[in-house]
Amino acid sequence: MLEIKFVRQNISKVQRALLMRGETADIEIFSNCDDERRAILLESEELRHRRNLVSQQIASMKKEGDDTSAIEIDMREVSKKIKDLNKLLSETEEKLYAILMALPNIPNESVPVGKDSSDNSVIKQIGKPPEFEFTPAAHWTLGENLGILDFDRASKIAGARFPLYFGAGARLERALINFMLDVQTKEHGYKEVLPPFIVNRKSMTGTGQLPKFEEDLFKIEGRDYFMIPTAEVPVTNIYQGEILDEDMLPIKYAAYTPCFRSEAGSYGKDTRGLIRQHQFNKVELVKFSNPETSYDELEKLLNDAESILQMLKLPYQVIILCTGDLGFSAAKTYDIEVWMPSQDMYREISSCSNFENFQSRRADIRFRRKGEKGTELVHTLNGSGLAVGRTFAAILENYQQTDGTISIPEVLRPYMGCSLITKER
RNA sequence: GGAGAGAUGGCCGAGCUGGCUGAAGGCGCUCGCCUGCUAAGCGAGUGUGGGGCGAAAGCUCCACCGAGGGUUCGAAUCCCUCUCUCUCCGCCA
């Protein structure tokens with residue numbers, strides 16, 4: 001959420017930002033509501049002021065034993081009017097709030113302007129795509145042939161877009177989770193967190209998934225609960241409504257969670273394999289940062305996520321999202337894309353963003369500077385480190401052998417207890 | 001699920017026979033003083049949000065004592081609903 005004062009004073013800047021994102025929002029309605037709100041507020045506050053004064057007067061008159069019934073009758077009217085005005089006020093504020101909550105974050109100045117994903121630019125490419133003497137198979141083919149993935153049976157259990165891992169496949173998934181958590185906690189200073197996988201509406205609103213993107217979420221029927229689409233939601237909301245000490249910052253958390261996404265509106269895309277599932281595993285990195293250093297923290301976060309791919313020796317590239325492709329809450333985002341041989345292209349495996357104070361304003365996460373009074377909003381950041389299912393897919397495809405077996409990346413062998421995945425029975 | 005208790009400022013904790021209580025007291029924090037170090041001591045200050053006036057420093061008003069309603073001239077204080085926490089019983093991985 002943007003600050004109401006900021007929007008009021010920077011209407012044209014906000015409009016420009018919306019335009020750059022390829023969005024339209026009716027700023028006129030905002031201005032009208034805003035003016036209306038202040039007009040009502042002014043009137044209601046004047047009346048309240050009067051009521052406060054008279055109430056005190058009544059108190060002292062009663063002490064003297066004077067008759068106050070005439071004033072009381074008068075004040076009854078005033079109170080009624082205040083009540084009416086308040087009703088009007090909250091209606092106006094609701095409208096205003098709805099607009100404000102639907103406004104996306106302002107892109108950082110370093111974000112290139114562009115229309116859509118085709119305008120994203122590649123910042124760097126690390127590692128070379130492997131060369132095969134055969135046509136590399138898709139990971140679902142490999143996985144099903146090896147007996148470690150079974151999408152058919154998964155669909156009996158739950159439906160399309162759910163994974164089912166067996167044997168070495170299940171172990172590989174678990175190995176990746178452990179490996180990723182170990183690297184981030186032991187080498188990069190993140191603290192491990194295991195949060196709830198179901199959250200309430202307030203938390204979803206705090207990080208920006210609601211109110212705009214409810215259709216992307218799995219909701220628990222009959223209760224105001226949602227399955228998390230990413231650990232970002234529960235982990236960022238850990239400090240919801242709190243005031244942190246400056247010397248606690250930056251706070252760095254690494255969390256493994258399953259993620260649940262309804263993937264509404266993506267019917268034709270990635271219908272096979274592990275790329276687009278309703279449920280997938282992810283290790284998420286979340287930071288709470290001092291505003292001055294948040295962009296340094298973003299670079300570090302990106303490096304921390306990248307290090308996993310480097311250690312797994314998977315070829316990848318880093319792209320910076322242009323204004324038109326930026327997520328709703330983000331001010332700046334890098335995507336990491338891993339090489340997928342069967343598709344002959346790079347596919348997103350991580351997304352690292354700085355949200356500045358967009359989420360912290362919604363979730364009310366502040367900090368207090370040493371020696372200064374007042375509080376300030378922290379900056380929040382997060383990034384996948386990494387999406388486990390997609391990493392699984394990338395390993396299968398990049399490490400496939402002529403005979404359809406999968407050699408295991410060196411760093412995972414201690415976790416797997418083997419160096420090769422062969423056909424399961 | 002049943003029966004109770006509670007939710008107050010950064011934290012702890014009074015107030016809860018309605019009116020001068022934005023809220024005692026303590027802790028913490030900041031600034032100043034003092035003590036040749038440390039500890040202790042003394043003094044002052046120290047919530048958030050939103051309006052109005054002002055170039056600004058600032059002045060002023062309103063709201064906020066879990067959330068939302070109600071009663072009343074007036075509510076942290078009374079009533080209702082909800083959420084959460086705690087204790088006991090039941091059930092349970």
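Every heavy atom of this structure was used, including side-chain atoms; hydrogens, water molecules and symmetry mates were not. Just so we're on the same page: letters track the sequence lines, and every chain starts at 1. Owing to the predicted nature of the structure, the values given are computational and were not obtained by experimental measurement.
Across every strand in view, B:C34 sits unpaired, with no contact that passes the Watson-Crick or G-U test at under 3.5 angstrom. Nucleotide B:G54 is matched to nothing when pairs are restricted to Watson-Crick or G-U wobble geometry with both distances under 3.5 angstrom. Base pairing of B:G45 is made with B:C29, judged by Watson-Crick or G-U wobble geometry with both donor-acceptor distances under 3.5 Å. Remark: B:G1 base-pairs with B:C89. Criterion, Watson-Crick or G-U wobble with two distances under 3.5 Å. Across the strands present, B:U17 finds no partner; the criterion is a Watson-Crick or G-U wobble pair with both atom distances under 3.5 angstrom. Checking B:A40 for Watson-Crick or G-U wobble geometry (two distances, each under 3.5 Å) identifies no partner in any strand. Pair check for B:A7 finds B:U83; Watson-Crick or G-U wobble, both atom distances under 3.5 Å. In this entry B:U71 has no Watson-Crick or G-U wobble partner, no candidate having both defining distances under 3.5 Å.
Residues A:E93 and A:N52 both approach RNA chain B. Their nearest nucleotides, taken by heavy-atom distance, put A:E93 toward the 5′ side. Both A:S90 and A:E72 lie near RNA chain B, and the one whose nearest nucleotide falls closer to the 5' end is A:S90.
In this structure, A:F197 has its ring center at least 6.0 angstrom away from the ring center of A:F260. If you look at A:F392 and A:H139, their ring centroids are not closer than 6.0 Å.
Around atom CZ of A:R153, no more than 12 heavy atoms belonging to other residues, nucleotides or ligands sit under 6.0 Å away. By the neighbour-count criterion of 12 heavy atoms within 6.0 Å, atom OH of A:Y225 is sparsely surrounded, having that number or fewer from other residues, nucleotides or ligands. More than 12 heavy atoms of other shown residues, nucleotides or ligands fall within 6.0 angstrom of atom CD in A:E292.
Here A:R366 reaches the OP1 or OP2 of B:G49: one of its side-chain N or O atoms lies under 4.0 Å away. The side chain of A:T375 places no N or O atom within less than 4.0 Å of a non-bridging phosphate oxygen (OP1 or OP2) of B:G10. Between A:H49 and B:C61 there is no side-chain N or O to OP1 or OP2 distance below 4.0 Å. In terms of phosphate contacts, A:K83 brings a side-chain nitrogen or oxygen within less than 4.0 Å of OP1 or OP2 of B:U71.
Candidate nucleotides B:G19, B:C73, B:G10 were compared by shortest atom distance to the side chain of A:R51, and B:C73 ranks first.
If you measure from atom CG of A:L100 to atom P of B:G49, you get 15 Å, rounded to the nearest angstrom. For the pair A:I58 CD1 and B:G18 P, the interatomic distance rounds to 17 Å; values are reported in whole Å. A:R48 has its CZ atom 14 Å from the C1' atom of B:A75, to the nearest Å. Protein atom CG of A:L47 is 13 Å distant from nucleotide atom P of B:G74, rounded to whole Å. Taking atom CD1 on A:I82 and atom C1' on B:A63, their separation rounds to 12 Å, with Å as the unit. Protein atom CG of A:D247 is 17 Å distant from nucleotide atom P of B:G28, rounded to whole Å. Atom CZ of A:R368 is separated from atom P of B:G28 by 15 Å (rounded to the nearest Å). Counting to the nearest Å, the C1' atom of B:U83 and the CZ atom of A:R201 are 15 Å from each other.
Taking atom P in both B:G70 and B:C64, the straight-line distance is 13 Å, to the nearest Å. The C1' atoms of B:G4 and B:G41 are separated by 47 Å, rounded to the nearest whole Å. Taking the C1' atom of each, B:U72 and B:A14 are spaced 26 Å apart, rounded to whole Å. Using P as the reference atom, B:C65 and B:C11 are 16 Å apart when rounded to the nearest Å. With P as the reference atom, B:G26 and B:U46 are 15 Å apart, rounded to whole Å. B:U81 and B:C29 have their C1' atoms separated by 40 Å, with the value rounded to a whole Å. To the nearest whole angstrom, the two C1' atoms, one in B:U71 and one in B:C78, are 8 Å apart. With both ends at atom P, the span from B:A24 to B:G19 equals 16 Å, rounded to whole Å.
Here A:Y239 pairs with A:F288 under the ring pair (Phe, Tyr, Trp, His ring centres under 6.0 Å) rule; sequence neighbours left out.
Annotation: cation-pi pair A:K252/A:Y190 present, NZ/CZ under 6.0 Å from the ring centroid and within 45° of its normal.
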Between protein and nucleotides 51-60 of chain B, what N or O pairs are separated by less than 3.5 Å?
| unit_1 | atom_1 | unit_2 | atom_2 | d |
| --- | --- | --- | --- | --- |
| B:G51 | OP1 | A:R8 | NH1 | 2.8 |
| B:G51 | OP1 | A:R8 | NH2 | 2.5 |
| B:G51 | OP1 | A:R37 | NH2 | 3.1 |
| B:G51 | O5' | A:R37 | NH2 | 3.4 |

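Annotation: side chain of A:K219 is in contact with side chain of A:R201 (closest heavy-atom distance under 4.5 Å).
With hydrogens and angles ignored, the 3.5 Å screen pairs no side-chain donor or acceptor of A:R174 with any backbone N or O of A:Y415.
Inspection of the A:S329 and A:Q359 side chains reveals no N or O donor paired with an N or O acceptor under 3.5 Å.
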